[in-house]
Amino acid sequence: MNHTLTRTTVDWPKPLPVPESMRAMVFRSFGPPDVLEQAVLDTPRPGPGEVLVQVAAVSIGRLLDLTARAGRHPYAQFRLPHVLGADHAGVVAALGDGVDSVRVGDRVAVFPVITCGTCATCTQGREEACTSLALIGTHRPGAYAQFCVAPARNVHRVPDGITPAVAASLALNGPVAANQLAQAGLRPGHWVLVQGAASALGSATAALARHLGARIIATSRSAEKREALAAAGAEVVLDATAPDFASRVREATGGHGADIVVDNLGDPTVWDATIDALARGGTVVTSGAFLGGKVRLDLLRLYSDASSAYAPGTLPRSRRCGRRSSEGSGRSSTERSPSRMPPTRIAIWRTTAMSAASR
């Protein structure tokens, strides 16, 4: 959360001539990391509206990589062998017909959530509910490879001074964090409590909220991680499982509580602490359920406290404008049922206290 980015030893590569074949990491069976093996595959070719990216860095996430490789992915059935790798960064290697938003050689980051842009939900600005939604590295070949194809609308130029590793780390977590805070109505001076703030998404959310003028309460169960969070700029650092957690949040905020709580964990114990720490009229946002997913919700309490809770999507507001897309459907590498795909934004639990006159 500080303003210094550590430069990695890996910098942006020079564009290579596109070869007929490429190296990639694939897995042919589910299991531990050693099921990954290097293979030589045909280099993909960009279709109309698509971009071929020469990969320089790719993020490794809990759900889209570790859980998927282990065979425990909750909503995708992989057709093996498969190439993982969702959010990534690299240089543009080739362009499909009709692409003029980027040029060969541009440094880019790739947002991995692909939508059609033309269905009813997309044109209403709710692309995360697209019936043909797909993820790079899950429903089509990913970026554990020298080259990866993505729709042009998912490919964004990277400013100077940003390394491939930083660009890849922000390609998905950045938009999710921005959308969470936008949906919660963040304003300068708000107290923002981020549960699991040492995670990739949690740290991005905390850093962005602080940049936008919020006061940060960061949590972790690990003492070592709490030290790192304090060093990164969190104003208050706590263990959400401590018995006095909610009272310490109230104490730190002058009895007010947290205006916004970001809880991507889905742990029942932490969720109860989240609600206990929430200010009257506050908002809870969640974009994940990494530690369970089934929590108890006291609707009467939310209603009485004029509080709100949202599960916002991954798509930033700049994508929620009903734009139509001309790119093709892409290359499917998994079988999936749209009904089993959890929508990445489910607007739930909007409660408003009744006025005193109507009670």
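Values in this document were obtained by computation on a predicted structure and should not be read as measured data.
Rounded to the nearest 0.5 Å, atoms OG1 (Thr43) and CG (Leu52) are 7.5 Å apart. Interatomic distance, CZ of Phe147 versus CG of Leu41, reported as 12.5 Å (0.5 Å rounding). Put simply, CD on Gln195 and CG on Leu238 are 9.0 Å apart, with the number rounded to the nearest 0.5 Å. Here the NE2-CG distance, from His73 to Leu66, works out to 11.5 Å after rounding to the nearest 0.5 Å. A distance of 9.0 Å separates CG in Leu208 from CD1 in Ile216, rounded to the nearest 0.5 Å. In this structure, Ile260 CD1 and Leu181 CG are separated by 6.5 Å, a value rounded to the nearest 0.5 Å.
Across every non-hydrogen atom of Arg69 and Leu84, the tightest pair is CB-CD1, 4.0 Å. Residues Cys122 and Gly117 share a closest heavy-atom pair of SG-N, 3.4 Å. Closest non-hydrogen pair, Arg140 versus His82, comes out as O-CE1, 3.8 Å. Nearest heavy-atom pair, Val18 versus Arg45, reported as atom, atom and distance to 0.1 Å: CG1-NH1, 3.1 Å. Among all heavy-atom pairs drawn from Ala277 and Ala246, the shortest one is N-CB, 4.4 Å. Looking at every heavy atom in both residues, Pro164 comes nearest to Ala56 through CB-CB, 3.7 Å.
Defined by atom type and a distance below 3.5 Å, a donor-acceptor pair is present between the side-chain atoms of Arg153 and Thr115.
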Steps toward side-chain contact (heavy atoms from CB on, under 4.5 Å) verdict (Gln183, Thr283)
CA-CA 9 Å; Gln183 293 292 310; Thr283 301; over 6 Å; no
Under the criterion side-chain contact (heavy atoms from CB on, under 4.5 Å), I'd like the reasoning laid out for Thr138 against Phe78: C-alpha separation, chi angles, the key distance, then a yes or no.
CA-CA 8 Å; Thr138 299; Phe78 293 88; 4.1 Å; yes
Evaluate the side-chain contact (heavy atoms from CB on, under 4.5 Å) criterion for residues Phe30 and Val35: first the C-alpha distance (whole Å), next the side-chain angles of each, then the deciding distance (0.1 Å), finally the verdict.
CA-CA 7 Å; Phe30 297 109; Val35 301; over 6 Å; no
Check step by step if side-chain contact (heavy atoms from CB on, under 4.5 Å) holds for Val270 and Arg221.
CA-CA 10 Å; Val270 175; Arg221 305 180 201 211; 3.6 Å; yes
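Leu16 is not connected to Val53 by any chain of hydrophobic side-chain contacts under 4.5 Å among Ile, Leu, Val, Met, Phe, Trp and Tyr, and they are in different clusters. Cluster annotation: Val26 is not connected to Val55 through the hydrophobic network of ILVMFWY side chains, with a link wherever side-chain heavy atoms come within less than 4.5 Å. Hydrophobic clustering (ILVMFWY, side-chain heavy atoms < 4.5 Å, transitive): Leu201 and Phe111 are in one cluster. By the criterion of side-chain heavy atoms lying less than 4.5 angstrom apart, applied directly or through intervening Ile, Leu, Val, Met, Phe, Trp or Tyr residues, Leu95 is grouped together with Ile136 in one hydrophobic cluster.
Judged as a salt bridge (Lys or Arg N to Asp or Glu O under 4.0 Å), and not counting sequence neighbours, the contacts of Arg28 are Glu37. Applying the salt bridge (Lys or Arg N to Asp or Glu O under 4.0 Å) test to Asp106 and every residue at least two apart in sequence or in another chain returns Arg157.
Within the 3.5 Å criterion, the main-chain N or O of Trp12 finds no donor-acceptor partner in the side chain of Arg107. Although no hydrogens or angles enter the test, the distance criterion places a donor-acceptor pair under 3.5 Å between the side chain of Thr219 and the main chain of Gly196. Of the possible polar contacts, one joining the Asp259 side chain to the Trp191 backbone as a donor-acceptor pair under 3.5 Å is found. Not one N or O on the side chain of Thr67 forms a donor-acceptor pair closer than 3.5 Å with the backbone of Arg72. For Ser59 (side chain) and Ala168 (main-chain N/O), a donor-acceptor pair under 3.5 Å exists by modelled atom type. Side chain of Asp87 to main chain of Pro112: no donor-acceptor pair is present (N/O by atom type, distance under 3.5 Å, no hydrogens or angles). With Ser21 contributing its side chain and Val40 its backbone, the two residues share no donor-acceptor pair below 3.5 Å. Using a distance-only test at 3.5 Å, with no hydrogens or angles considered, a donor-acceptor pair links the side chain of Arg250 to the main chain of His256. At least one donor-acceptor pair under 3.5 Å links the side chain of Arg226 to the backbone N or O of Ser220. Side chain of Gln54 to main chain of Pro13: no donor-acceptor pair is present (N/O by atom type, distance under 3.5 Å, no hydrogens or angles).
Looking at Thr241 and Phe245, their side chains never come closer than 4.5 Å, going by heavy atoms from C-beta outward. Taking 4.5 Å as the limit, every side-chain heavy atom of Leu212 sits out of range of all side-chain heavy atoms of Pro188. Here the side chains of His139 and Ile114 are not in contact, with every heavy-atom distance at 4.5 Å or above.
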